Amino acid sequence: MKTPYSAFSLLRGALNGQKHWEPAWRDPEPRASYDVIIIGGGGHGLATAYYLAKVHGIRNVAVLEKSWIGGGNVGRNTTLVRSNYRLPQLHNFFEFGLKLWHGLSDDLNYNVMFSPRGAMFLGHNDGDMIKLAERGDAMRCDGIDAELLTPKQIAKIEPLLDLSRDARFPIDGALIQWRAGTARHDAVAWGYARAADALGVDIIQKCEVTGFVKDGNRITGVETTRGRILAGRTGICVAGHSGHVAGLAGLRLPIESQTLQALVTEGVKPMVQSVIMSQSLHFYVSQSDKGGIVMGGDPDNWPSYARRGQPTIKEHAIAQAVTCMPALSRLRMLRTWSGVTDMSFDGSPIIGPSPIDGLYLNAGWCYGGFKATPASGWTYAHTLATGKPHELNAPFSLERFMTGATIDETSVGPFPNHR
Amino acid sequence: MIPPGNATVTDTTSIIALPAAPLHALEIWSNPVAVGARIQKGLGFAPPPLNRSTGNTATTLLRYEPTVWLVEGDVSVLADTLGDDGGLTGIGGGIVRFRIAGPGWRELLLEGGVFDTSAAAFPAGATAATVIDHVGVRLHAESEDACVAYVPASYAEGLHHFWEEALPLLGA
Amino acid sequence: MYQITCPHCGPRAQTEFTYERTTDSVVDPAGDAQTAMQALYTRANPMGLDDEIWRHTYGCRAWMVLTRHRVTHEITAVKAIGPEALP
Amino acid sequence: MSGPNRPATGAETIAFTFDGTTYHARPGDTLAAALLANGVGLVARSFKYHRPRGIMTAGIEEPNALVTIGTGGRAEPNTRATDVFVYPGMVANSQNRWPSLAFDVASIFGLAAPALGAGFYYKTFFGPAKHWMLYEGFIRRAAGLGNAPTEADPDNFSQKAGFCDVLVVGSGPAGLKAALDAAEAGSRVMLVEQDAVLGGSLLRDPDPSIDVAAMVERIRALGGEVLLRTTASGYWDHNFLTLTQRLAEPGAVPEHGFAQRLWHVRAGRVILATGLIERPVPFANNDHPGVMLSQAVRSYVRRWGVLPGKRVVIATNNDDAYLTAEALVDAGAEVVALLDARASGPAAPAGVTVYHDARPSSVTGRKHALRKVTAVICGSEQSFDADLIAVSGGFVPVSHLHMQAGGKLTWNEEAQAFIPGETPQACETVGAALNPLPAPAIAPVGKAKKSFVDFQNDVSLADIDLAWQEGYRSVEHLKRYTTLGMATDQGKTSNMVALSRLAERQGVTVPEAGLTTFRPPYTPVTMGLLAGAGARNAGAHVRRIPLHALHAAHDPIWQPLGYWFRPRAYPVNGESLAEASLREARTVRTLAGLSDVSTLGKFEVSGPDAAALLELVCATTVGKLAVGRGRYTFMCREDGFVNDDGTVWRLAENRYLLTSSTGGADRMAHHISYVRNSLRLDLKCSVVNVQEHYAGIALAGPKARAILASLIGAEPPRHMGYAPGVLAGVPVHVLAASYSGERAFEIHVEATHAAVVWHAIEAATRVEGGAPYGLEAMELLRIEKGHVVVGGEVDGRSTPHDLGLGGMLNKAGGFIGAAGLTRPALSAPNRNNLVGLVSLDGPIPEGGMLIQRAGQSPQGHVTAAARRILEGGAIALALLQGGHKRHGEEMIVTSPTRGEKARVRVTSPHFYDPAGERYRD
């Protein structure tokens, strides 16, 4: 067993130069076969492996990561955690995850720094306020916390917002979810990796899947850069690269990959308390524990895997953020990066069996995957363990696009770039 | 609306809102070569190629699109030449024309822009449609000293203010 | 920020253009429903070249097919689409 | 480092303040040069352990000397003292210390350092999330360096396009030559330099054979553009670069109101002449004030005539530091020792003792000034009294832009450095960056815990070792676990030192260990600059309707709708919004009212195939209309859901006018163009967007027909009829369309002549007791009539059948969306259907949830709520599961977020004149 993390063990380390800490995860050679293979060593893949081992007792599991764990979208997002969605299939799914978030650090014995500091949507006109009340009422009726705020209440939480009546986009109010907030993204990947490794899961880095092993209409394993590995069930879990990996199995998914840019400013003393988003504008802002303002906006609306954004798209989101919070103007952007988002054609994820036996899909997270990590891991583990979807991910089947049972939160329709 | 004729002159580069003029969209949807010839006979000049402009005292054709010309001035002759191969539609009510005149007009149009307005890339007589400060505009380099910008009316006041604010920066 | 060589206007900045869809996701309104839904809801989404329909929205408003690489962003071919036009 | 370090020469000086004390600088001084000249050693406190920090470098790579410059809305926190040029009255303040810079309470964290190694926070602070937030509060207050200003930024920022054949980055000898050669060859050249003076390394090591001024004059004469204080910060696709230019120093008042300019440059070719950054040397307390980079010391001596120290030790692994020794001796300082880690080196400079196989192990100081340097020479320790140590651990070629451009790096073993290699874009590197001096690796000898690698984030060699021990072995894991290279200098002085340590622990060569990713920007960029003028209008101008000025005269309540602003109501003598809109609605029901509908989407479609095109875009028939007739219509997306609606009118044999929603206008313009110019090239027709060409005036009410007849001198068209006319001498289109449920008309007139037409209609309407009405009254009218609105009932998730429009679908099919509608779920029994709700008690909350019993999951929601206009009672439109079959059922509308509730009965959505008698004359 690994030395458990605790304040006491840290103090003990102060005396021995921290020499007693073991590696957080092993670096094993891949075995010939496993009960379950998960393709993708990001947050969702590692969480799935952990819950397979912990909840279903299935430990003969391998997570295959083409480069280093946590290097994909889990390492590139803006760390928001919330469940304030309008449609019930979505807010019930994310609420299940939010409950897991609230106990995650203790469950993993790894502080993921989940900080429920509140996440609010600003409303800039009557239309926005009605939409926010509708979203909040839908959540409250399903037992999820949501509260409307007046401009005065907003000022107490975020005094630097421009609450003047002659602002270009006046702030009429907001809908806040106090139990929502942020978490340290790297710690989520590393926490799940350490806990899964401790239960016997093999985490195999520098191992890229280059093809599938097929036996009739059944997938029996994968070809990788470190040789062939067989498996009873294989779960794709590669977020932005879903289209590419599913393509190796001959599948054409209802997904196009888009670049989502994010940025962080130089660290400053606390100035933003909660997570600020907008019902009709396209930006979101929060402040990290190191003092950097973390910001993002809409994806670049054309397909790309390059993880390199188009600068003026980001400039438009910044313009809206600076208009709403003028104090941001003289801060400096320290770094900007991009994730690859697998934009599904109704904006909701796809978690369940694929049309090919033995192959399962976890994809279509668009720009909202980080907050779903625990719920995605739990439900995908259930699906891989039982072969059938959990009640929470049953609506998110691949077939829904052909049957017409699409779940379209932003009601944009089948083209993610037609925003 | 912008009262026509008001102009601010700053070190000789000025932005003047021009009075409304008859503007039409001329589109040829069939037999383009034949219609082109009929127009040449009717007006005495052939419809200009893309991103060029041609005209006489009564009518000027400015081409921004493959199958559509912006027509400034009289359209009666044109209407007779189209037959069933094309159509004319009035669009003047939705456009405000600004003449940007003086030595700094090429530099001013780079502000908030993405299109190269240097003399080499945008010579006198040329037309070009582009986006400036998030607004779709159509430009016509009338001469070395002036350019006319066709701005959607709803954005006219906002863009006029944007250009005015940027005037002091010319040559900075 | 790509430079896209519009067939009519020459090299222009990407902010004048809009991405519409891939050529294999064009839905023929006269076709059968099954083929239409396959076109609408399945994509290759390759990590390589694909044929895409774009429009020079803030320029000559014309449509075109770009053959574009989704990792390197290289544009290897541009083909105009549109009704017959006077040169 | 006490007392002035630059002899006064009586030349002109500039007064500025640092932490309230006034000092004097010389023109051309950076804040760092001026502070060093005035003997100020302590300038800042580090991020994690609040250790005292001085000035280490002379350039943008400075990790320590960060200050806040300026006051009020112009204050810029975290500004590098080495990257701001002093101007009269400049205000500079230290950061991240309480109560003062000299005595900072938080520096006690240093004592807990043994327990606070890399990643300690992952191993503790467990318990419920609320507990973590308690600890987090302390961490956040201690973290972060400067304070953000609280006031709005008074200045504006410019964004400008730039085009050139050759863009040269860096004005050192190589950059100047490249720019001049290109200009002489007739290319259009841009030369950018981040410093305030051209010359780059020449400012430190002058070369009389290079006449910088003459070269620049020639470049400019040939039409080249030379930009100072301009950084090439981002390299994007297809040789597109973003440059950030300071038009005024941080905190200074710009003369023309613009503080900075962002260039968006498309370059034919890019030449990177970005030079080198000197590499520090790890030893114990190497972050102490008085530890500086060797070339930086040489710059302060040669460029600014400042002696950063009087008794100097030099530590190096390469020949360059010998030049610093010479410069110091020339300037009258004493070089106590030159420690060369190598077995042998160049001849000792005059008056300097050189020690070989010598490397620094630690330094100590008193009252934040350096006192003693201890070194290990041929294996044994030796100490030297010194007030400055100038170090050089080799040189790192600046390859950030080359890497952003997608370039590759090659490893130079002799210089222990990565050199820019080939690149997929038209970009090459020239000058010093290609051939750094040989500089063998030095094994550090100081205590690992105190040997700092990332100075700003307090990351030591021990932290790197701990990360390796705990399995964080990829270079990206190392960076994120230790936060190495994540500070404001982004690892410019730390990445290579850390990489060498990691490679050593992994037992591989440095190139095999790999590098982290180079991300824009090269140096941090002001957010207001990226916002540009957009900060004033959030990147979106207000869109003015044609009659804006005329409405403004009535002083209406304005309603934002996208970027438009439209009159919401015209209150008179102190009416509230509700009172005004009810009066206006009653006036329309009983007399007549006029309203501005100019922002509707409008398209004039002409040609033989006009009807064929419209029957693709619209889901109803169109071709059946006779000339002079119109109809309501709606449009579907390809997935079958309704996403817009409007009316279509046959103006002439081959000319139709289509109207659509304000919110969907731009989307519809794009969609129709896609259908006409990409999908069906065979169609012979023209589609022209006339949204802004026509102003639209709605005239509605029982007296509307008579009022219009008097105005146009003819019998107005009957309901859903069209006729051209002349009103107040202006040609108009008269469409007999009704949204309010009354007999009504839309008068469309060329926008430039709209005012005279509005005035004529308003006057005639007022004679009959009518008045203008706004959007709020329009809502009351259309809800009572049961008309759907895009963005309300038309929510992008409803089918025509859901909205009660199934009967209008074009039976021949072939319209866009027909295929999508065949999917089974779109005709499932329990879909959300449009219904009406009549309240059995108070007002119905708009957006509220429809439930059968308390505590139940919602079965629908209210899309629009209003009151009956003439009689009392609250009504609403809603989408309800299986609603078409639930008329008469009693339900509850609940809004927990507003604490409102209402009992309702489900009805048809058409409350007012379902049969349409009001339309008949």
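None of these values were measured; they are calculated from a predicted model. We name chains A, B, ... by the order of the sequence lines, and we start the count at 1 in each one.
- With a 4.5 angstrom heavy-atom cutoff, C/P87 touches chain B only via backbone atoms.
- Shown here for B/P66 and C/A85, the closest heavy-atom pair between the two residues is O-CB, 3.6 Å.
- Looking at B/A46, neither its backbone nor its side chain comes within 4.5 Å of chain C, counting heavy atoms on both sides.
- Residue pairs meeting the side chain to side chain donor-acceptor pair (under 3.5 Å) criterion with at least one member in residues 34-43 of chain C, sequence neighbours excluded: A/R252-C/T42, C/D32-C/T35, C/Y41-D/R823.
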May I have a list of the donor-acceptor pairs under 3.5 Å that connect chain C with chain B?
from: C/R12; atom 1: NH1; to: B/A129; atom 2: O; distance (Å): 2.8
from: C/E16; atom 1: OE2; to: B/T130; atom 2: OG1; distance (Å): 2.5
from: C/Y58; atom 1: O; to: B/T130; atom 2: N; distance (Å): 3.1
from: C/R61; atom 1: NH1; to: B/E65; atom 2: OE2; distance (Å): 3.3
from: C/L86; atom 1: O; to: B/R63; atom 2: NH1; distance (Å): 3.2
from: C/L86; atom 1: O; to: B/R63; atom 2: NH2; distance (Å): 2.4
from: C/P87; atom 1: O; to: B/R63; atom 2: NH1; distance (Å): 3.3

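- Of the listed residues (B/P32, B/G36, B/P49), the greatest number of heavy-atom pairs within a distance under 4.5 Å of chain C belongs to B/P32.
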